[in-house]
Amino acid sequence: MAPIIRIEDLHYTYQHEGGAVQALRGIDLTIEQGEYVVLLGHNGSGKSTLAKHLNALLLPTQGDVWINGWNTKERRHLREIRSTVGMVFQQPDNQIVATIVEEDVAFGPENLGVERQEIQRRVEWSLARVDMLPFRHRAPHLLSGGQKQRICIAGVLAMQPSVLVLDEATAMLDPLGRQEVLEVARRLNQEEGVTIVAVTHFMREAIEADRVIVLHEGKIALQGPPRAIFQQLDQLRALSLDVPHVSELAQALHRRFPAFPPDLLTPQEIAAAVIACCHENRASPQRRKEQRNEGRNERKGTEDDFAPSAPRSSSRAPLLSLRRVAHYYMRGTPLEVKAIEDINIEVQRGEIIGVIGHTGSGKSTAIQHFNGLLKAHEGEVWVLGQNLADPNVDLRAVRRAVGLVFQTPEAQLFEQYVGDDIAYGPRKQGLEAEEVRARVRRAMEAVGLPFEEFKDRITFGLSGGQMRRVAIAGVLALEPQVLVLDEPTAGLDPQARRQLMRHILDLHKQGVTLVIISHNMEELAEICDRIYVIAEGRTVMAGTPAEVFSRASELRAIGLDAPDMTQVAEALKAQGLLPPDAVIYTLEQAEAAIAELLLARGAVLAETAAGGQAR
Amino acid sequence: MSEFEYLRNVTVGQYIPTESIVHRLDPRTKLLAALFVALAATSTRSVLATLLLVALLMGVTRLARIEVRYVLRGLLPAAPFIVVLMLMQLLFQGRFSVCETVYWEWGFVRITPCLIELVILGALRLVIFLFLVSLLTLTTTASHIMHGIETLLAPLQRIGLPVHEFALANIIALRFIPTIAEEMERIAKAQASRGGDFGGEPWWRPDRMARARLPLIVPLFVNTLRRAEELIVAMEARCYLGRKGRTKFVDLHFTGLDWVVIALSILLWVVLWRTPWPTFT
């Protein structure tokens, strides 16, 4: 059978700010019907540009793209091409055209001139495929992100495409929504034989694929099955991509124990491999003893890591605290909704606090109490020793002391020049021009934007990551004592994310207390002193990362992910291989614990490492 | 309660699904009936007849299983306008009054029974129009209203009026009202967190008021334009190439009841128009 997608020597150049940008520089690619392909690459690698060529939204400046034998340059096949290759984009909100779910799904077939009865049938079929049939008469704006994105997929399915292109369709979703969308994609691929082309920068999503294609600077840099790709860790890092912890762990273990397979992709595979190793090596107690001695020092080291970090001195009054806070939306109308009902959070000076909870759990509502944007309807909010319910509290002073950075803060920028935008807060405060300038300089440098270079740049001409840093600098210019960040890294590519997190941690070193809301469990596990878990408007868990992540099954029950390493540990605990109270949530902890386990079970160390290198 | 929540209270096209007989009527029927009731209200000069119309609308509201009080409360924001309008008429319309009797006269102000009737009539008609619009939106989804208008106006397509484009643009506008309202709320909160405040400028300095609101307006416009661009791409990706060759999914059809309702509303109009109701003039 002829390939469904064939690309030959594809070049694409566009004009940007007076210069020509070569987004794609010679792509050759064929995709067969029924394949599941993932396109990886950092921002600007050309992956989205390539995706937009697949249904003639963009046309090649050089080279050709054939879809099902039709060249995308021929306008007369436009309808066929676009109904063959359906496309779902990043923002579900910006793809839905109708005020009723089923009418939106019908939009595609309507455009194709399909008859009414057939549209009816297709609408029902596609909504059923994405598990959204019960929502057919609902208004889209009342759905969650994952649900909206599934509606968008249904809208594309209703055109009966052979190929479904997901252009970063999971980037703006929470882990639950991401799972929902991936599950649908996988099912469509396996049950309906739909070809999937997914553009993403989440490595975990690439594991599903038959083939992974890594783009770099408009060219294909790596290509192959995920198992092969994720073995090339150094190369992935060089292409500024994230390396999955699971692959890193497998390779680290493989280096020490050559028998351990290096090409594992999921926490389950790691656990299975460890279990298999343990069973193989159950024999030879003599040997086990020897190796145990070698491993002793190491074990000692890890035990220190495992000790739950001592709670910080509780004698000090907390910097911020929410006590049994409840808040209602549209209070006093028939549409009253309880957004949060029992939130308890305490933040001590100098801490890094993580807040997790899925979308709609009330965590964003909760943090808006920290600077008095929302007032508690029940319970108390204390900020810097003041009860915010007290009418004498100067809310503006509170807002300066507690800097709140919203999700996608770049969407609030408004001045033409970067420097002016950052100066907005200090100027409003009525500071002297000199002081304003000094603060803008400090704020910009804190987020890694050199003052002289960036102050006169046009705000809207910056990259997404730079705009986000400008927005954060705008809050920092108020010189807050506490910085509250809602999903600071959402939607950024790995490189921009790492950069931003580094700057945020630098702020902490300079004495700023941090409260971070995030879905990225790995990230929080590594940096937080304490973590609060919010579900259905209540604080359901609180403690050190060790304490919180040791309750992985409870986390999963409320729709949250545990870090991959915790999942590995869980599986091993279930087999009785690790003690139930072992605390594992970072790569280092997992590596140490499994290495010890394997040593104890007599796994063979790499010969070079047998002596000194095991420490 | 909250200084930022006002934006959530956008109730344009608020729909209350009680599944009543009124809800089940074809949207075209409701549009036409509303048109004839409005015509009826303007073709009688009798306060009594107009009051009967108000009573009829309240009856329909009950029939739709919606509280009359709820509808009336929705009219409250319009009350100041109605009052101002009544005052203007009271002050300036007296001179043109045809009544012989004069209750009170001072300068150009002349209060006569006809004037009072006119003022009451004017207010009642406004109430009826507003009542009709809210009844329509309370019992019909915005999308159905637009499909109704599109079908009713379809003949105008032939003389080159872009009826389909108009309807689609309206549906998209309705679809984005809540999204953009949420966005506005988020921006207002974000700017407040950066030390901004909106309000507090004296009303006699509109330039300063406008300047103070730039931090809200600029990002809202930028983001809305970006949304529009993304929406266009998404629509094109779903094969939208204009009206040509399109079919329609939403199926509007008249039942016997629809014809009865349309006939009754025409009858109502003719009766109110042709019957000599008691008036002062």
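Here the structure is a predicted model, which is why all the values come from computation and not from measurement. So that the names make sense, note that chain A is the first sequence line, chain B the second, and so on, each numbered from 1.
A/V101 has its side chain within reach of A/L143: a pair of non-hydrogen atoms, C-beta onward, lies under 4.5 Å apart. Using a 4.5 Å cut-off on side-chain heavy atoms (C-beta onward), B/L136 and B/L31 make contact.
If you measure heavy-atom distances from B/F221 to chain A, you find no contacts under 4.5 Å at all. Proximity to chain B (any heavy atom under 4.5 Å) is shown, for A/L58, by neither the backbone nor the side chain. Both the backbone and the side chain of A/R79 come within contact range of chain B, each with at least one heavy atom under 4.5 Å from a heavy atom of that chain. With a threshold of 4.5 angstrom between heavy atoms, A/I81 does not approach chain B through any atom at all. Of the atoms belonging to A/L404, heavy atoms from both backbone and side chain fall under 4.5 Å from chain B. Only the side chain of A/V123 comes within contact range of chain B, with at least one heavy atom under 4.5 Å from a heavy atom of that chain. For A/E102, the parts lying near chain B are the backbone and the side chain together; criterion is any non-hydrogen pair under 4.5 Å. Only the side chain of B/T179 comes within less than 4.5 Å of a heavy atom in chain A; its backbone stays farther off. Proximity to chain B involves both the backbone and the side chain of A/E103, based on heavy atoms less than 4.5 angstrom apart. With a 4.5 Å cut-off on non-hydrogen atoms, A/I100 touches chain B through its side chain but not through its backbone. In this structure, chain A has a heavy atom under 4.5 Å from the side chain of B/N223, while its backbone stays farther away. Using a 4.5 Å cut-off between heavy atoms, B/V250 touches chain A through backbone and side chain atoms alike. Within the 4.5 angstrom heavy-atom criterion, atoms from both the backbone and the side chain of A/F107 approach chain B. For a residue to count as touching a neighbouring chain, one of its non-hydrogen atoms must lie under 4.5 Å from one of that chain's; by this rule A/D93 touches chain B with backbone and side chain alike.
Of the options B/R227, B/K189, B/R226, a salt bridge (Lys or Arg N to Asp or Glu O under 4.0 Å) to B/E183 is made by B/R227 and by none of the others.
At least one donor-acceptor pair under 3.5 Å links the side chain of A/D421 to the backbone N or O of A/E415. The main-chain N or O of B/V22 is found under 3.5 Å from a side-chain atom of B/K30 such that the two form a donor-acceptor pair.
A salt bridge between A/E118 and A/R122 is present, with a side-chain N of the basic residue lying under 4.0 Å from a carboxylate O of the acidic one. With respect to A/D104 and B/R238, a salt bridge is recorded, a charged nitrogen being found less than 4.0 Å from a carboxylate O. A salt bridge between B/K248 and B/E150 is present, with a side-chain N of the basic residue lying under 4.0 Å from a carboxylate O of the acidic one. For A/R82 and B/E236, the salt-bridge test passes: some basic side-chain N is under 4.0 Å from an acidic carboxylate O.
For chain A, the option among B/L231, B/I172, B/I232 with the highest count of heavy-atom pairs below 4.5 Å is B/L231. Between chain B and the options A/P409, A/G155, A/G425, A/G403, heavy-atom pairs under 4.5 Å are most frequent for A/G155. In terms of heavy-atom pairs under 4.5 angstrom with chain B, the leader among A/A411, A/G108, A/G86 is A/A411. Between chain A and the options B/P178, B/S143, B/G242, B/C239, the largest number of non-hydrogen pairs under 4.5 Å is found for B/C239. Interface remark: of the candidates A/Q91, A/E115, A/Q120, A/M87, A/Q120 forms the most heavy-atom pairs closer than 4.5 Å to chain B. Note: A/I96 leads A/N371, A/I96, A/V484, A/L413 in heavy-atom pairs under 4.5 Å with chain B. No other option in A/V114, A/V156, A/N55 has as many heavy-atom pairs under 4.5 Å with chain B as A/V114. The residue among B/I217, B/L220, B/V222, B/V233 with the most heavy atom pairs within less than 4.5 Å of chain A is B/V233. Contact count versus chain A (heavy atoms, under 4.5 Å) is highest, among B/A228, B/G245, B/A237, for B/A237.
Note that the CD1 atom of A/I151 and the CG atom of A/L157 stand 11.0 Å from one another [nearest 0.5 Å]. Taking CG of B/L130 as the reference point, atom CG of B/L72 lies at 11.0 Å (rounded to 0.5 Å).
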- Message: Evaluate A/E110 against B/T247 for side-chain hydrogen bond (donor to acceptor under 3.5 Å, both in side chains), listing each step before the verdict.
- Response: CA-CA 5 Å; A/E110 281 182 331; B/T247 46; over 6 Å; no

- Would you sort out whether B/R62 and B/V68 count as a side chain to side chain contact (heavy atoms under 4.5 Å, CB included), showing the intermediate values? CA-CA 7 Å; B/R62 288 309 303 151; B/V68 174; 4.0 Å; yes

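Interface with chain B: from residues 472-480 of chain A, residues A/G474, A/V475, A/L478 qualify, criterion being any non-hydrogen pair under 4.5 Å.
In this structure, B/R28 is positioned above the aromatic face of B/F254, its NZ or CZ under 6.0 Å from the six-membered ring centre and within 45° of the axis.
Taking the six-membered ring where the residue is Trp, A/Y424 and A/F414 present perpendicular rings, their angle passing 60° and hence far from 30°. Between A/H377 and A/H327, the ring planes lie parallel to each other; the angle is under 30°, not in the 30° to 60° tilted range.
Between B/R246 and A/N111, the side chains place a donor N or O and an acceptor N or O closer than 3.5 Å (distance only, hydrogens not considered).
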